[in-house]
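Bear in mind that the values here come from a model prediction, so they are computed numbers and not experimental data.
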Amino acid sequence: MKLLQFLRHGKQCIGAQVRGNSILDLTSASSKIPNNVVDLLARGENALNLTKRLTETNSESLISYDDVKVLSPITNCEKVICVGMNYKDHCAELNIPIPTEPVIFNKFPSSIIGDKGDVVIPKASSSVDWEVELAVVVGKEGKHIEESKAMEYVAGYTVALDVSARDWFGEKNSGQWLLGKTFDTFCPLGPTLVTKDEIADPHDLPLACTVDGQVMQSSNTNQLVFSIETCIAWISRIFTLKPGDVLLTGTPPGVGAMRSPPLFLKHGDTVVSEIDEIGKITNSVVDE
Ligand code: MG
């Protein structure tokens, strides 16, 4: 199932993407379906099963994807957790040793935008970079989750662009990464939440990022240093994972900062972030 959120007549709804580019409005189809995916996940397996049944039995009144304002499939989660330096080939590009334990940072959920949303280059930065990433969406609450049971806590996957203001990574803010990672619009996420039953192996998915048609990143999630299970076990020792929490699993090589000369996003660019079997998001870049 591919779940998404969209605005219809000014109201937010959950939809299921069916038959390619069509959307079934699940919120209108049943009073038991809330208007956002985080609340749907919080209602547990029964609610998710209901969306599946509705998707299988309702074939009327489909809406075209292009006729509605599509939002990110997750907009009101509690946490956006990120893993840094989590691709073997990216560590080689950075010329750093492969980390021995996950490197965790975060973005604020307020930085999330959806497919076709604009990435805004803040006045405060002149080195805004791209990082395509596999995003994992948490399906149920858990703390101290065992690695062997971690997948039970996964609802599904989506595509993320971990936009990064590199000039905020060094001396500014005493080297803390948070601010450089969480300017408004710095977390494009979508287009849909693909439920985990649709993905045979999340650790073997080609992913790529293109800027104005030029392929900047091209790798495979088989390059992950720490698996999804390891990351979930690791972070759930620190804090409770909640339904709808998003985990960005790290980026492969090809980021702008490591190019010679360095290359950064500019007004008018179009960034396409894509993961096989999950989907792609397209975001225009504009100046603040
Ligand atoms: Mg990243």
| query | If we only count heavy atoms from C-beta on, is the P191 to Y65 side-chain gap below 4.5 Å? | reply | yes
| request: For residues A160 and L189, report the shortest heavy-atom separation together with the two atoms involved. | output: CB-CD1, 3.7 Å
| said: Is there a path of hydrophobic side-chain contacts, each under 4.5 Å between heavy atoms, that joins M258 and L263? | reply: no
| request: Would you sort out whether V271 and L161 count as a side chain to side chain contact (heavy atoms under 4.5 Å, CB included), showing the intermediate values? | output: CA-CA 9 Å; V271 186; L161 182 67; 3.8 Å; yes
| So, do M85 and I96 sit near enough that their side-chain heavy atoms are less than 4.5 Å apart? | yes
| message | Is the shortest side-chain heavy-atom distance between L62 and V18 below 4.5 Å? | response | yes
| query | Between C187 and T182, does a side chain to side chain contact (heavy atoms under 4.5 Å, CB included) hold up when you go through it step by step? | reply | CA-CA 8 Å; C187 190; T182 203; over 6 Å; no
| E45/K140 salt bridge by N-O under 4.0 Å criterion | no
| request: Ignoring hydrogens and angles, state whether a donor on the side chain of D89 or S219 is under 3.5 Å from an acceptor on the partner side chain. | output: yes
| request: Mind telling me whether F183 and W168 have parallel, tilted or perpendicular rings, with 30° and 60° as the class edges? | output: perpendicular
| said: Pair T192, T158 - check side chain to side chain contact (heavy atoms under 4.5 Å, CB included), show working. | reply: CA-CA 6 Å; T192 67; T158 188; 5.7 Å; no
| said: Between R43 and I33 (side chain of the first, backbone of the second, donor and acceptor by atom type, cut-off under 3.5 Å), is there such a pair? | reply: no
| remark: P243 and V38 have their tightest heavy-atom pair at O-CG1, 3.6 Å
| note | In terms of heavy-atom contacts, C77 and I74 come closest through CB-CG2, 3.7 Å
With a cut-off of 3.5 Å and sequence neighbours excluded, list every side-chain donor-acceptor pair involving residues 99-112.
| unit_1 | atom_1 | unit_2 | atom_2 | d |
| --- | --- | --- | --- | --- |
| K107 | NZ | D162 | OD1 | 2.7 |
| K107 | NZ | V163 | O | 3.1 |
| K107 | NZ | K181 | O | 2.7 |
| K107 | NZ | F186 | O | 2.8 |
| S111 | OG | F108 | O | 2.7 |

| query | Just wondering, do L207 and D276 contact through their side chains at under 4.5 Å, heavy atoms? | reply | no
| query | Going from CD on E146 to CD on E229, what distance comes out if it is rounded to the nearest 0.5 angstrom? | reply | 13.0 Å
| request: Answer yes or no: is there a donor N or O on one side and an acceptor on the other, between the side chain of S64 and the main chain of D66, under 3.5 Å? | output: yes
| note | Nearest heavy-atom contact between Y157 and I199 is CD1-CG1, 3.8 Å
| According to a 4.5 Å side-chain heavy-atom criterion applied to Ile, Leu, Val, Met, Phe, Trp and Tyr, with indirect links allowed, do V154 and V83 form part of one hydrophobic cluster? | yes
| message | If hydrophobic clusters are built from ILVMFWY residues whose side chains come within less than 4.5 Å, do M1 and L71 share one? | response | no
| task | Verify whether one side chain among T230 and S227 offers a donor that lies under 3.5 Å from an acceptor in the other. | result | yes
| message | Return the CD1 to NZ distance between I145 and K149, rounded to the nearest 0.5 Å. | response | 11.0 Å
| Is there a side-chain contact between V194 and E277 (heavy atoms, below 4.5 Å)? | no
| Charged N to carboxylate O below 4.0 Å: is that the case for K52 and D197? | yes
| D204 side chain to N222 main-chain N or O, any donor-acceptor pair under 3.5 Å? | no
| note | One should read off an interatomic distance between L50 CG and L26 CG, to the nearest 0.5 angstrom, of 8.0 Å
Anything under 3.5 Å between a donor and an acceptor, one on a side chain of residues 280-288, the other on a protein residue two or more places apart or in another chain? List them.
| unit_1 | atom_1 | unit_2 | atom_2 | d |
| --- | --- | --- | --- | --- |
| N283 | ND2 | G114 | O | 3.1 |
| N283 | ND2 | G117 | O | 2.9 |
| E288 | OE1 | K123 | N | 2.7 |

| request: Ignoring hydrogens and angles, tell me if any N or O in the side chain of T249 forms a donor-acceptor pair with the backbone of L134 under 3.5 Å. | output: yes
| task | Indicate, with yes or no, if L247 and I278 share a hydrophobic cluster defined by side-chain heavy-atom contacts under 4.5 Å among Ile, Leu, Val, Met, Phe, Trp and Tyr. | result | yes
| message | Given 3.5 Å as the limit, does a donor-acceptor pair link the side chain of H267 with the main chain of I121, or not? | response | no
| request: Examine distances only and state if a side-chain atom of D245 and a backbone atom of K242 form a donor-acceptor pair shorter than 3.5 Å. | output: yes
| message | Which heavy atom of L41 sits nearest to which heavy atom of A155, and what is that distance? | response | CD2-CB, 3.8 Å
| remark: Nearest heavy-atom contact between V119 and P188 is CG2-CG, 3.8 Å
| said: Is the shortest side-chain heavy-atom distance between T210 and Q214 below 4.5 Å? | reply: no
| request: Check whether the ring centres of F264 and W130 lie less than 6.0 Å apart, and answer yes or no. | output: no
| field | Gap between atom CG of L4 and atom CG of D115 - 0.5 Å precision | value | 10.0 Å
| request: Quick one: pull up CG in L241 and CD in E78 and give me the separation to the nearest 0.5 Å. | output: 9.5 Å
| task | Applying side-chain hydrogen bond (donor to acceptor under 3.5 Å, both in side chains), run through D167 and S127 and close with a yes or a no. | result | CA-CA 6 Å; D167 41 7; S127 55; 3.2 Å; yes
| Thinking salt bridges, do K266 and D269 make one under a 4.0 Å N-O criterion? | yes
Check: residues 6-17 side-chain donor-acceptor pairs under 3.5 Å, at least two apart:
| unit_1 | atom_1 | unit_2 | atom_2 | d |
| --- | --- | --- | --- | --- |
| R8 | NH1 | D25 | OD2 | 2.9 |
| Q12 | NE2 | Q5 | OE1 | 3.4 |
| Q12 | NE2 | N35 | O | 3.2 |
| Q17 | NE2 | G20 | O | 2.7 |

| OG-CD distance between S273 and E131, expressed to the nearest 0.5 angstrom | 11.0 Å
| request: May I ask you to test the R166-V255 pair for a side-chain heavy-atom distance under 4.5 Å? | output: yes
| Steps toward side chain to side chain contact (heavy atoms under 4.5 Å, CB included) verdict (L40, L3) | CA-CA 10 Å; L40 178 76; L3 295 170; 4.0 Å; yes
| field | Any side-chain heavy-atom pair of V120 and D184 under 4.5 Å | value | no
| query | Taking a hydrophobic cluster as the set of Ile, Leu, Val, Met, Phe, Trp and Tyr residues connected by side-chain heavy atoms closer than 4.5 Å, whether directly or through intermediates, do W177 and L94 fall within one such cluster? | reply | yes
